[in-house]
Asks: 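Dumping the structure here so I can ask a few things about it.
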Amino acid sequence: MKKILCVVGTRPEAIKMAPVILALRSQPWADVSVLATGQHRQMLDQVLKFFGIVANHDLDVMQPNQGLNELTARLLVGAGQILEKDRPDVVLVQGDTTTVMAVAMASFYKQIPVGHVEAGLRTGDIFNPFPEEANRVIAGRLAHWHFAPTDRAKANLLKESIAPEKIEVTGNTVIDALLTIADQELEMGVDLPPHERLILVTAHRRENFGQPLREVCRSIRYLAKNNPHVCFLYPVHPNPNVKDVAEKILAGLGNVVLCKPLDYAPFVAAMKKACIIISDSGGVQEEAPALGKPVLVLRRETERPEAVANGTVKLVGTDFETIVAEAQLLLDNPAAYHAMARGVSPYGDGNASLRIVERLARDLL
Ligand code: UD1
Ligand code: UDP
């Protein structure tokens with residue numbers, strides 16, 4: 001038996017690690033345990049419950065409006081203690097959060113090999129996204145296995161002199177998660193006013209806090225006023241730097257519905273129902289093309305250029321004029337809309353977790 005410790009800290013890590021945990025659990029050679037760092041509390045618990053995963057360890061590190069230094073320190077110490085006690089043969093981390101960087105480092109200090117799921121995403125700009133670009137570069141330096149979602153991600157790793165035999169191109173596990181439910185009849189569970197079309201909005205990036213996020217909210221307000229038959233659904237991230245701004249600028253409009261973060265299945269239902277998605281999320285940039293939904297990305301750069309290249313995702317930044325113009329174009333111009341709403345996904349076929357399991361089995365057994 002090989003002891004595999006799967007680590008999850010935030011909502012997207014849990015969504016993307018869940019298929020790997022479930023696939024590993026069906027392997028007779030794998031003794032799988034789950035470390036929840038609790039970097040997110042409510043949003044992590046939502047996802048674990050949805051996938052029926054109970055964590056074996058929970059560091060419960062989240063503090064309101066947490067700072068990165070304090071968060072990193074709590075994660076490093078807490079993860080170090082679990083690794084000392086549990087002594088896994090392999091640690092798996094997913095993505096680019098502070099949980100990933102700190103747990104990769106704690107594992108390195110204990111000389112336990114790390115598998116990095118969703119390896120090799122890069123913008124090349126250490127401040128964009130912040131702090132995720134640095135987190136994934138550090139995790140990449142420390143990892144033993146690099147599970148790259150695309151050939152492009154593999155090429156980024158090769159440029160950083162990662163040995164080719166340590167890289168496995170797998171697809172993104174988010175597509176595995178999505179495909180387990182996307183075909184089902186899903187309920188959003190949110191009461192919306194009568195409307196012709198729905199636009200779904202999410203935003204949470206740290207580099208957008210302050211003026212950029214205010215611009216985003218102002219543009220949604222403007223679009224809502226000018227398009228009274230379109231409804232805007234915005235599940236608001238609980239970070240006070242997001243929530244306070246969104247509630248202040250977007251309150252009191254009949255066709256803007258602000259709600260708490262949705263559970264995964266209701267959120268997928270909302271993506272399916274939406275005609276357009278406006279978001280700075282990484283995961284949403286990967287899921288929406290698979291569902292045939294255009295995404296206007298509220299960022300200047302993306303580490304997920306594949307969907308931009310195939311024309312299903314467009315970078316619009318956080319400038320008021322650009323967001324308004326690009327959203328209005330998609331609402332008014334069917335040709336522009338259909339050019340983006342094509343349902344082609346460059347991020348995988350739903351078998352990424354199986355490829356990860358196969359590679360681990362090949363190397364460990
Ligand atoms: C984190 C990750 C980001 C990822 C995002 C996914 C870091 C530094 N950031 O950003 O890479 O894209 O998660 O959503 O790793 N909060 C709650 N309840 C929750 C979750 C958050 O109240 O369930 C509030 C807390 O006040 C918390 C704050 O949000 O302190 C920020 O959480 P944090 O994980 O530090 O940053 P995110 O913006 O969520
Ligand atoms: N998501 C969700 N409920 C919501 C908003 C998003 O379940 O209210 C899911 C979404 O489908 C995607 C993931 O959360 O899989 C993205 O998380 P987030 O945007 O917080 O983080 P990022 O991907 O940017 O790191």
Side-chain angles (χ1 to χ4, degrees), residues 2-9 13 16-17 19-21 23-24 27 29-30 32 35 76 79-80 83 87-126 129 131-176 282 286 301-306 309 346-349 351-365:
K2 295 291 174 187
K3 284 179 80 169
I4 316 235
L5 183 68
C6 299
V7 181
V8 292
E13 290 165 73
K16 292 171 170 181
M17 190 64 96
V20 180
I21 295 170
L24 278 170
Q27 301 298 308
W29 55 267
V32 186
L35 165 59
L76 200 52
L83 294 173
R87 286 271 147 204
D89 297 299
V90 174
V91 171
L92 292 182
V93 294
Q94 192 289 329
D96 52 21
T97 67
T98 297
T99 284
V100 172
M101 185 270 291
V103 176
M105 191 163 279
S107 307
F108 172 70
Y109 287 157
K110 300 282 175 200
Q111 300 197 30
I112 299 170
V114 172
H116 187 201
V117 178
E118 198 182 76
L121 274 62
R122 298 287 185 271
T123 61
D125 175 354
I126 206 86
E132 292 83 1
E133 178 78 359
N135 287 343
R136 57 197 174 214
V137 168
I138 294 167
R141 283 302 301 149
L142 302 175
H144 179 81
W145 290 276
H146 306 260
F147 299 112
T150 63
D151 290 332
R152 187 140 184 175
K154 176 176 179 177
N156 290 336
L157 292 165
L158 293 174
K159 264 193 264 163
E160 292 175 12
S161 304
I162 303 290
E165 62 275 15
K166 292 187 167 180
I167 308 170
E168 190 76 32
V169 177
T170 60
N172 198 307
T173 57
V174 78
I175 304 296
D176 305 17
E286 294 152 347
E301 299 177 82
T302 182
E303 59 289 306
R304 295 164 170 92
E306 295 88 350
Y347 298 115
D349 59 2
N351 291 312
S353 25
L354 289 181
R355 293 189 187 99
I356 291 169
V357 170
E358 277 167 16
R359 173 63 196 254
L360 288 174
R362 219 164 49 234
D363 288 4
L364 292 171
L365 302 182

Asks: Are Arg141 and Met105 packed together at the side-chain level, in the sense that at least one heavy-atom pair is separated by less than 4.5 angstrom?
Replies: no
Asks: Does the His116 side chain pair with the main chain of Gly95, one donor and one acceptor, at a distance under 3.5 Å?
Replies: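 A pair under 3.5 Å: yes.
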Asks: For the atom pair CG (Leu365) and CG (Leu360), what is the distance rounded to the nearest 0.5 Å?
Replies: 9.0 Å
Asks: Under the salt bridge (charged side-chain N to carboxylate O under 4.0 Å, His left out) criterion, do Glu168 and Arg362 qualify, and how do the steps go?
Replies: CA-CA 12 Å; Glu168 190 76 32; Arg362 219 164 49 234; 3.4 Å; yes
Asks: Carefully, step by step, assess Asn351 and Asp176 under the rule side-chain contact (heavy atoms from CB on, under 4.5 Å).
Replies: CA-CA 6 Å; Asn351 291 312; Asp176 305 17; 5.7 Å; no
Asks: For the backbone of Thr173 and the side chain of Tyr347, can you confirm whether one donor and one acceptor N or O come within less than 3.5 Å of each other?
Replies: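 Looks like no, no N/O pair under 3.5 Å.
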Asks: With distance as the sole criterion, is a donor-acceptor pair present between the side chains of Glu13 and Thr97 under 3.5 Å?
Replies: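 Thr97 and Glu13 do have a side-chain donor-acceptor pair below 3.5 Å.
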Asks: Walk me through whether Leu5 and Ile112 qualify under side-chain contact (heavy atoms from CB on, under 4.5 Å).
Replies: CA-CA 10 Å; Leu5 183 68; Ile112 299 170; over 6 Å; no
Asks: Can we say Glu306 and Arg152 salt-bridge, meaning some charged N sits less than 4.0 Å from an Asp/Glu carboxylate O?
Replies: no
Asks: Please determine whether a side-chain nitrogen of the Lys or Arg among Lys16 and Glu286 lies less than 4.0 Å from a carboxylate oxygen of the Asp or Glu.
Replies: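 Here Lys16 pairs with Glu286 in a salt bridge, since their nearest N and O are under 4.0 Å apart.
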Asks: Does some side-chain heavy atom of Trp145 sit less than 4.5 Å from a side-chain heavy atom of Arg359?
Replies: yes
Asks: Does a side-chain N-to-carboxylate-O contact under 4.0 Å join Lys166 and Asp363?
Replies: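 Between Asp363 and Lys166 there is no salt bridge, as every charged N stays at least 4.0 Å from the carboxylate O atoms.
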Asks: Would you sort out whether Asp96 and Glu133 count as a side-chain contact (heavy atoms from CB on, under 4.5 Å), showing the intermediate values?
Replies: CA-CA 7 Å; Asp96 52 21; Glu133 178 78 359; over 6 Å; no
Asks: I need the Ile4 CD1 to Leu364 CG distance, nearest 0.5 Å.
Replies: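 Output value for this atom pair is 5.5 Å.
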Asks: Scan residues 103-113 for pairs that pass side chain to side chain donor-acceptor pair (under 3.5 Å), counting only residues two or more places apart or in two chains.
Replies: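 Listed once each, the pairs are Glu84-Lys110.
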Asks: Under the side chain to side chain donor-acceptor pair (under 3.5 Å) test, which residues partner Glu358, sequence neighbours left out?
Replies: none
Asks: Nearest 0.5 Å, what's the CG-OG1 distance between Asn172 and Thr150?
Replies: 9.0 Å
Asks: Assess the residue pair Trp29 and Val357 against the criterion (side-chain contact (heavy atoms from CB on, under 4.5 Å)); give the C-alpha distance rounded to whole Å, side-chain angles, the decisive distance to 0.1 Å, and a yes or no.
Replies: CA-CA 11 Å; Trp29 55 267; Val357 170; 4.2 Å; yes
Asks: Just how far is it from atom CG of Leu157 to atom CD1 of Ile167, taken to the nearest 0.5 Å?
Replies: 4.5 Å
Asks: Between Thr123 and Glu303, do the side chains contain a donor N or O and an acceptor N or O under 3.5 Å apart?
Replies: no
Asks: First locate atom OG1 of Thr170, then atom CG of Asp349, and finally report the distance between them rounded to the nearest 0.5 Å.
Replies: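 One gets 9.5 Å once the value is rounded to the nearest 0.5 Å.
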